A.B. asks: 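Mind having a look at this structure? Questions to follow.
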Number of protein chains: 2
Amino acid sequence: MNKERIKVVVVDDHPLVLEGLRSSLGEDNTIQIVNCFENASDLFAFLKRSSVNVVVLDVNLPDMNGVEICQKITQKYSHIKVVGLSTYNDPSIIKQMVKNGAKGYLLKNVTSKELVAAIHQIHIGQSYFSGEIQKILADSIFDNNEVPKLTRREKEILSLVAEGITTPQIAKKLVISPLTVETHRRNLIQKMGVTNAAQLVKMAIEKGLI
Amino acid sequence: MNKERIKVVVVDDHPLVLEGLRSSLGEDNTIQIVNCFENASDLFAFLKRSSVNVVVLDVNLPDMNGVEICQKITQKYSHIKVVGLSTYNDPSIIKQMVKNGAKGYLLKNVTSKELVAAIHQIHIGQSYFSGEIQKILADSIFDNNEVPKLTRREKEILSLVAEGITTPQIAKKLVISPLTVETHRRNLIQKMGVTNAAQLVKMAIEKGLI
DNA sequence: TTAAAAATACCTGTAAACTAGTAGAAATAC
DNA sequence: GTATTTCTACTAGTTTACAGGTATTTTTAA
């Protein structure tokens, strides 16, 4: 058995959850919670100057998107393993987390026992997904759940379309030609695999783009 | 100062939150956590045979709707005060909770300090809503969040519109005139207070009609 | 600095959506 | 059984959306 305890950082904007984690994991002598944060920027400030093994990351933070945080961590600090933690069991978010380097994913109804097991398994290089998450990931293989990559402008126009703003109005608002807006709309419809704006909006909401 | 500690019961399906609450409130010598539950049925079994002052209630439990639980508690045990606790800041749920007797409402990003203050205030017969919740309740007075009553046919057509089906296709499918479908679409747009199909779909999803 | 990606813009035509008003038949509620 | 709502359908005109292709400029990223 390794004498070194696993260095864990927890990020969650709910003090109660942080307290729960501190209290639960604090009893475990194989895991050391080196620090807790309530937002992403504090986390990154800490990662710059400290060595960490595992980050337990709440996907819904106030200042930054969970998927982006995960991507940034795994890109900058490839040795750090990320475990996603969330109340929601939204398949598209879970898949995006996995694609962006998350080694594990747990729902917040997890017991501290299971969390400890997950951290251990991930620390030795394996992945860990709770039963419910495994099922969600398995199901999502069959139905096409890919979230197409939209450009900044496309996302912007998508939001405006969902607000009921018409092409001429969007063009005026963004100070571009209505023909350009039409091009973006066409690309959005094509990328999302839909046939018109109504279905586009529905799909975008389903995939968490709005 | 009253020598009796305030008897609190906590209900939340997340063990980590329960642990956090136990740990935070355990340090406070004015509050006694007499029990914790992860579902509603265990809670009611306990309330039958024990005296409790305050119930801290997670609104999203697996076995029963939070609003119903709140209603049942305040009806059967009028001396017990309920504090709602939730991740979501959905105005309609908060309003329903208050209507059904909740004396306080907090988001899960609450600090343990604030939670203690809330429990005290509620215990002496006042109500407590965190700043964010107060704002939401205040805003919801002004903006119209009524869900318009749609007819059966309108709902049917609304769903088809959201699937990207066009008017001629809908007409064929329902074996009615496309002109009739157009009339329904017009009425949908008018009832929902929107300007086109894209916004209609977004609004319908927001209001839980799809 | 040089590919690649994104944002911009145009043309042409067709199809669909939206506006506005009216009105008879059918179902439902009181 | 009567009133009300819902479903049905129409006319007529305007605006917007969608299909398809092409092409230049401007950003990013490698």
Side-chain angles (χ1 to χ4, degrees), chain A residues 65 67-68 71-76 78 96 99-101 146-205 207 209-210, chain B residues 146-205 207 209-210:
Chain A
N65 176 279
V67 178
E68 287 172 34
Q71 187 180 34
K72 202 170 162 187
I73 294 173
T74 49
Q75 273 175 4
K76 280 196 167 181
S78 56
Q96 281 183 70
K99 275 185 187 162
N100 284 287
E146 301 160 32
V147 178
K149 272 164 204 157
L150 302 184
T151 67
R152 214 180 319 163
R153 204 53 151 176
E154 282 166 354
K155 283 179 195 165
E156 198 175 3
I157 285 170
L158 174 56
S159 296
L160 294 172
V161 168
E163 298 293 336
I165 324 249
T166 64
T167 293
Q169 290 171 331
I170 293 172
K172 209 168 180 182
K173 191 160 191 164
L174 301 182
V175 200
I176 53 178
S177 161
L179 297 162
T180 305
V181 177
E182 276 297 329
T183 304
H184 286 305
R185 290 183 77 131
R186 195 152 20 106
N187 292 336
L188 279 165
I189 284 175
Q190 192 254 311
K191 279 187 180 179
M192 301 284 283
V194 294
T195 60
N196 58 30
Q199 197 184 3
L200 174 68
V201 170
K202 195 196 170 209
M203 194 68 87
I205 293 174
K207 293 195 187 292
L209 293 168
I210 300 179
Chain B
E146 304 159 29
V147 178
K149 273 163 204 159
L150 303 184
T151 68
R152 215 180 316 163
R153 204 52 150 179
E154 282 167 354
K155 283 179 193 165
E156 199 176 2
I157 286 170
L158 174 58
S159 296
L160 295 171
V161 169
E163 297 294 336
I165 324 254
T166 64
T167 292
Q169 291 171 331
I170 293 172
K172 211 170 179 180
K173 193 161 191 164
L174 302 182
V175 200
I176 52 176
S177 160
L179 296 163
T180 305
V181 177
E182 275 299 328
T183 303
H184 286 305
R185 290 184 76 131
R186 198 168 1 124
N187 292 335
L188 278 166
I189 284 174
Q190 192 255 310
K191 279 188 180 179
M192 301 284 284
V194 295
T195 60
N196 59 29
Q199 197 185 4
L200 174 68
V201 169
K202 195 198 170 209
M203 194 66 87
I205 294 174
K207 292 196 187 291
L209 293 169
I210 300 179

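Chain letters run A, B, ... following the sequence lines, proteins first and then strands; every chain starts at 1. The analysis underlying the following values was restricted to heavy atoms, covering all of them including side chains, and did not include hydrogens, waters or symmetry mates. Everything numeric in this text was worked out from a predicted model, so none of it was measured.
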A.B. asks: For B:Arg186 and B:Ile189, run side chain to side chain contact (heavy atoms under 4.5 Å, CB included): C-alpha distance rounded to whole Å, both residues' side-chain angles, the deciding distance at 0.1 Å, then the answer.
C.D. replies: CA-CA 5 Å; B:Arg186 198 168 1 124; B:Ile189 284 174; 5.8 Å; no

A.B. asks: Counting side-chain heavy atoms from C-beta on, which of D:dT16, C:dT8, D:dA9 comes nearest to B:Thr180?
C.D. replies: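 Among D:dT16, C:dT8, D:dA9, the one nearest the side chain of B:Thr180 is D:dA9.
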
A.B. asks: For A:Glu154, run the side chain to side chain donor-acceptor pair (under 3.5 Å) check against A:Lys191, A:Arg185, A:Lys149 and tell me which one passes.
C.D. replies: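 With A:Glu154 as partner, side chain to side chain donor-acceptor pair (under 3.5 Å) holds for just one option, A:Lys191.
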
A.B. asks: To the side chain of B:Leu179, which of D:dA9, C:dA6, C:dC18 is closest?
C.D. replies: D:dA9

A.B. asks: Is any side-chain nitrogen or oxygen of B:Thr195 closer than 4.0 Å to OP1 or OP2 of C:dC18?
C.D. replies: no

A.B. asks: Quick one: closest heavy-atom pair of B:Ile165 and B:Leu160, and the distance?
C.D. replies: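 Here B:Ile165 and B:Leu160 meet closest at CG1-O, 3.0 Å.
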
A.B. asks: Do the side chain of B:Thr195 and the main chain of A:Gly164 share a donor and acceptor less than 3.5 angstrom apart?
C.D. replies: yes

A.B. asks: I need the minimum non-hydrogen distance between B:Val201 and B:Val161, along with the two atoms involved.
C.D. replies: CG2-CG1, 4.5 Å

A.B. asks: Of the nucleotides C:dA7, C:dC10, D:dC18, which one has an atom closest to the side chain of A:Arg153?
C.D. replies: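 The nucleotide sitting nearest to the side chain is C:dA7.
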
A.B. asks: Please determine if a side-chain N or O atom of A:Arg186 lies less than 4.0 Å away from the OP1 or OP2 oxygen of D:dG20.
C.D. replies: no

A.B. asks: Separation of A:Arg185 atom CZ from D:dT16 atom C1', in whole Å?
C.D. replies: 8 Å

A.B. asks: Which nucleotide, C:dA7, D:dT8, C:dA17, lies nearest any side-chain atom of A:His184?
C.D. replies: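 Looking only at side-chain atoms, A:His184 lies closest to C:dA7.
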
A.B. asks: Expressed as a whole number of angstroms, how long is the span from B:Asn187:CG to C:dG21:P?
C.D. replies: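 Interatomic distance, CG of B:Asn187 to P of C:dG21: 13 Å.
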
A.B. asks: Of the listed nucleotides (D:dC18, D:dC10, C:dA17), which one gets closest to any side-chain atom of B:Ser177?
C.D. replies: D:dC10

A.B. asks: Assuming nearest nucleotide by heavy-atom distance, tell me which of B:Val175 and B:Leu150 is located more 5' along DNA chain D.
C.D. replies: B:Leu150

A.B. asks: Starting from P on C:dT8, measure out to CD1 on A:Ile176 and report it in whole angstrom.
C.D. replies: 5 Å

A.B. asks: From C:dC18, D:dA17, C:dA16, pick the nucleotide closest to the side chain of B:Thr166?
C.D. replies: C:dA16

A.B. asks: Both B:Thr183 and B:Arg152 contact DNA chain C. Which one's nearest nucleotide lies toward the 5' end?
C.D. replies: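 This one resolves to B:Thr183.
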
A.B. asks: Quickly work out the A:Lys172 NZ to C:dT8 P distance and round it to whole Å.
C.D. replies: 18 Å

